[in-house]
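Just the heavy atoms: all of them, side chains too, but no hydrogens, waters or symmetry mates, feed the values below.
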Amino acid sequence: MKYPLLDRIQAPGDVKLLAETELPRLCEEIRRFLIRSVSSTGGHLSSNLGVVELTVALHRTLDLPQDKLLFDVGHQCYTHKLLTGRRAGFAALRQKDGISGFPNPAESDCDAFVAGHGSAALSTAIGIARAKKLKKEPGKVVVIVGDGAFTGGMVYEGMNNLGMLNNLIVILNDNKMSISKNVGQMANYLTKLRTDPKYFHAKAQMETVLENIPVVGVSMIKALQGGKQFVRRGIYHSTMFEEMGFQYIGPVDGHDVISLDHMLNNLREQYAPIFLHVVTQKGKGLKPAEENPGEFHAVSSIDLRHLMDPELSPKDSFSTIFGSALAELGGEEPRLCAVTAAMKYGTGLNFFKHAHVDRFFDVGMAEEHAVSFAGGLASQGLLPVVAIYSTFFQRAYDQIIHDVNLMKLDVLFAVDRAGLVPGDGATHQGIYDTAFFSQIGIPLYAPANYAELRHWLRVLVLQERGPRAIRYARGEEKPALAALGCSGALYDQIETRPGAEVALVSYGAQTEEIIAACDLLYQNQVPADCFKLLRLYPLPEDLCETLKRYRLILFAEDSVRTGSVGEQLCFALQQAGWTGTFLLHAVDNTHLLHANVPELRRDQQLDAAALAADVLDHRKENAE
């Protein structure tokens with residue numbers, strides 16, 4: 001497919017060389033490229049299709065990297081990457097040695113900040129804008145914030161500390177809800193009037209003069225602003241942003257690239273922080289994504305000729321098995337509730353919503369609220385299940401401790417995408433939950449296949465009480481793990497070899513690698529037994545007694561090393577009097593790649609070959 005205008009953009013700033021009349025065609029080419037490229041590699045599709053025109057207009061106006069452009073959430077940055085000379089990298093988007101799916105300053109000086117979690121970029125932008133003021137540096141700081149981020153409290157914390165930053169522009173990418181809905185000719189007229197450069201210049205000049213008048217100058221400015229706001233209250237349905245110190249503009253059409261280009265150029269001279277409300281269509285340019293933007297938010301490689309609605313025919317995964325099983329349990333237990341944070345489809349809770357809509361709660365991008373809300377439900381005798389990705393549970397650590405665990409409330413934490421996660425790199429790895437749940441004394445379970453997930457979810461919902469957690473991997477079960485079935489035990493010996501003095505131990509998805517490592521060791525005349533843990537914390541009562549007979553134990557886990565289950569097991573064995581050798585393979589979080597899971601395991605020395613080699617090397621050293 002040919003992209004004659006996109007081909008002319010090879011470096012930052014090249015988009016400024018195009019004629020204004022060429023911009024709509026450039027946007028069409030970018031949209032075609034993104035659909036074709038992301039359908040091949042996978043990635044975030046709907047959100048990027050919605051911000052093409054806005055990003056093009058910003059790149060026409062800004063001077064990167066002197067100006068700073070931030071994204072909330074960062075997965076909206078694909079057009080930005082195309083316009084900064086990284087088109088070739090899209091062939092390996094989110095793959096090992098390819099470009100990241102999020103902004104990454106190590107990749108380009110045009111990327112101001114890593115941004116993988118939502119609702120945070122405004123606070124970062126305010127910090128950067130304040131730093132520019134302190135250092136007397138020129139340049140604007142622009143942050144694009146999706147409307148979903150406004151369901152999280154951190155945005156409002158940032159706005160509350162805004163100050164008079166006349167080098168900050170906040171753009172609301174409104175593709176779902178209208179926070180301040182202005183309609184009619186008067187609103188359109190005021191939008192044009194208030195973005196006129198003459199108006200901005202006169203306003204800035206007037207306030208500069210007034211500020212220099214001793215004693216009364218600041219008071220006169222406040223009086224004028226008060227009168228202005230009084231008039232606007234009669235016109236606008238919401239003045240929240242202006243009350244917080246912004247100059248509010250909008251709503252404006254986010255797909256009229258020429259109008260956006262004019263408007264953003266007019267905003268170069270500003271006298272206050274600006275809040276620009278831009279209305280876009282998520283998934284624009286791909287009809288199925290326009291109709292179901294949530295389901296095309298993040299996709300694997302897809303066949304554009306045979307698109308289907310993922311909700312109607314979802315592929316089996318740990319998330320869908322969890323969601324359907326929880327919906328069934330909701331029919332048996334009327335106190336059961338389901339809570340998620342803007343991830344209804346990702347966590348599989350769409351099944352629960354369809355079956356028990358009055359007991360389903362999507363609280364938006366507000367993980368802290370989700371956990372405290374669940375604590376409130378549990379305090380009144382209900383049985384809430386909070387289903388959130390592992391990486392996002394990190395955001396609610398204090399609430400888990402303070403609002404659930406201190407009172408030992410009956411909240412079940414369902415930790416989705418636990419362990420190594422492909423594609424998104426450091427921002428989305430689910431490697432910390434085993435440490436932080438166990439450190440505060442919350443029982444933690446790790447099913448390795450669907451049968452175990454169904455069994456232990458039933459146990460944890462209907463029988464166990466108090467704070468408790470169940471973690472499971474992204475994607476589908478592996479055949480080697482599905483073959484293990486479900487014993488209902490807290491741990492299983494899954495491989496037994498005569499004369500074994502070596503034990504390999506793991507849990508969850510990582511169990512696949514110790515099974516393969518056991519076979520590799522056997523091929524090298526080293527018999528080894530394999531153990532799979534189901535309950536990670538507290539460790540099963542008789543586990544240490546079972547393992548004490550082995551001279552060498554290798555523990556492999558796809559979680560961070562410090563505070564890991566392996567560290568806890570090693571200490572427990574030593575306390576029990578064991579004097580053998582303990583080899584721990586865990587995640588080194590100082591270098592987390594965006595790659596697929598097998599590549600991540602190889603990089604982290606968690607693949608079968610690395611595990612077997614470590615055992616063989618140790619035995620060789622001790623034999624010499």
Side-chain angles (χ1 to χ4, degrees), residues 1-41 43-71 74-95 97-112 139-140 142 144 169 171 173 253-268 278 280-281 283-286 289 304:
M1 185 173 290
K2 295 182 179 180
Y3 306 99
L5 293 178
L6 187 56
D7 287 344
R8 290 163 60 183
I9 297 174
Q10 301 295 327
D14 283 357
V15 69
K16 296 180 180 183
L17 303 178
L18 299 182
E20 180 184 274
T21 55
E22 294 177 307
L23 297 183
R25 285 193 292 124
L26 171 66
C27 293
E28 291 177 9
E29 290 184 16
I30 290 173
R31 199 165 266 117
R32 290 202 312 270
F33 175 85
L34 290 177
I35 292 171
R36 194 174 188 86
S37 178
V38 175
S39 68
S40 175
T41 62
H44 290 90
L45 187 56
S46 294
S47 54
N48 282 287
L49 294 177
V51 296
V52 173
E53 288 84 1
L54 175 59
T55 310
V56 168
L58 283 167
H59 275 261
R60 293 267 294 183
T61 304
L62 299 178
D63 294 318
L64 302 177
Q66 176 178 281
D67 294 323
K68 304 298 181 184
L69 178 58
L70 292 89
F71 295 84
H75 56 56
Q76 303 177 72
C77 71
Y78 290 8
T79 299
H80 164 73
K81 294 202 173 197
L82 283 174
L83 298 178
T84 50
R86 284 174 275 179
R87 177 176 161 188
F90 275 79
L93 175 69
R94 300 165 75 242
Q95 299 170 22
D97 300 325
I99 63 172
S100 168
F102 294 93
N104 186 350
E107 211 176 82
S108 169
D109 60 3
C110 294
D111 291 0
K140 302 289 186 184
V142 180
I144 302 175
I169 299 175
I171 300 176
N173 173 28
D253 183 356
H255 297 302
D256 186 339
V257 66
I258 294 177
S259 292
L260 285 171
D261 186 31
H262 290 172
M263 179 176 296
L264 289 167
N265 270 296
N266 290 344
L267 297 180
R268 289 295 302 182
V278 176
T280 63
Q281 182 179 22
K284 184 173 176 60
L286 182 63
L304 292 172

Does the Lys16 side chain pair with the main chain of Leu62, one donor and one acceptor, at a distance under 3.5 Å?
yes

Check: Leu82 and Ile9 side chains under 4.5 Å, non-hydrogen atoms
no

For Glu28, the side-chain contact (heavy atoms from CB on, under 4.5 Å) test, sequence neighbours excluded, returns Arg32

Looking at residues at least two apart in the chain, or sitting in another chain, which of them share a ring-ring contact (aromatic ring centres under 6.0 Å, His included) with His80?
His59, Phe71

All salt bridge (Lys or Arg N to Asp or Glu O under 4.0 Å) counterparts of Lys81, not counting sequence neighbours
Glu107

Taking side chain to side chain donor-acceptor pair (under 3.5 Å) as the test, write out the residues that go with Asp256, two or more places apart.
Ser259

For Asp253, all residues meeting side chain to side chain donor-acceptor pair (under 3.5 Å), sequence neighbours excluded:
none

Is it true that Arg87 and Asp7 have a side-chain N and a carboxylate O under 4.0 angstrom from each other?
yes

Using side chain to side chain donor-acceptor pair (under 3.5 Å) as the criterion, list what pairs up with Gln76, not counting sequence neighbours.
Asn173

What residues, two or more places apart in sequence or in another chain, satisfy side chain to side chain donor-acceptor pair (under 3.5 Å) together with Asn104?
none

List the steps and the verdict of side chain to side chain contact (heavy atoms under 4.5 Å, CB included) for Leu18 and Arg8.
CA-CA 9 Å; Leu18 299 182; Arg8 290 163 60 183; 3.4 Å; yes

Any side-chain to backbone donor/acceptor pair from Asp111 onto Ser108? Under 3.5 Å, distance only.
no

Closest contact, heavy atoms only, Asp261 versus Asn265:
O-ND2, 2.9 Å

Those residues that, when tested against Asp97, pass side-chain contact (heavy atoms from CB on, under 4.5 Å) (two or more places apart)
none

Tell me, please, which residues at least two apart from Ala19 pass side-chain contact (heavy atoms from CB on, under 4.5 Å).
Thr21, Glu22

Report the residues that fulfil salt bridge (Lys or Arg N to Asp or Glu O under 4.0 Å) with Asp109, sequence neighbours left out, ordered by chain and then residue number.
none

Locate the shortest heavy-atom distance separating Glu53 from His255; write the atom from each residue and the value.
OE1-ND1, 3.0 Å

Ring pair (Phe, Tyr, Trp, His ring centres under 6.0 Å) contacts touching residues 5-41 (sequence neighbours left out)
Tyr3-Phe33, Phe33-Phe90

Taking the side chain as every heavy atom from C-beta outward, state whether Cys110 and Leu69 have any atom pair closer than 4.5 Å.
no

What I'd like to find out is whether the side chain of Thr41 reaches to under 4.5 Å of the side chain of Gln95, using heavy atoms alone.
yes

Residue pair Val38 / Leu93: nearest heavy atoms and the distance that separates them:
CG2-CD2, 4.4 Å

Under the criterion side chain to side chain contact (heavy atoms under 4.5 Å, CB included), I'd like the reasoning laid out for Arg60 against Leu23: C-alpha separation, chi angles, the key distance, then a yes or no.
CA-CA 10 Å; Arg60 293 267 294 183; Leu23 297 183; 3.7 Å; yes

Asp67 to Arg268 - nearest heavy-atom pair and separation
OD2-NH1, 3.3 Å

State which residues pass salt bridge (Lys or Arg N to Asp or Glu O under 4.0 Å) with Glu20; sequence neighbours excluded, sorted by chain then number.
none

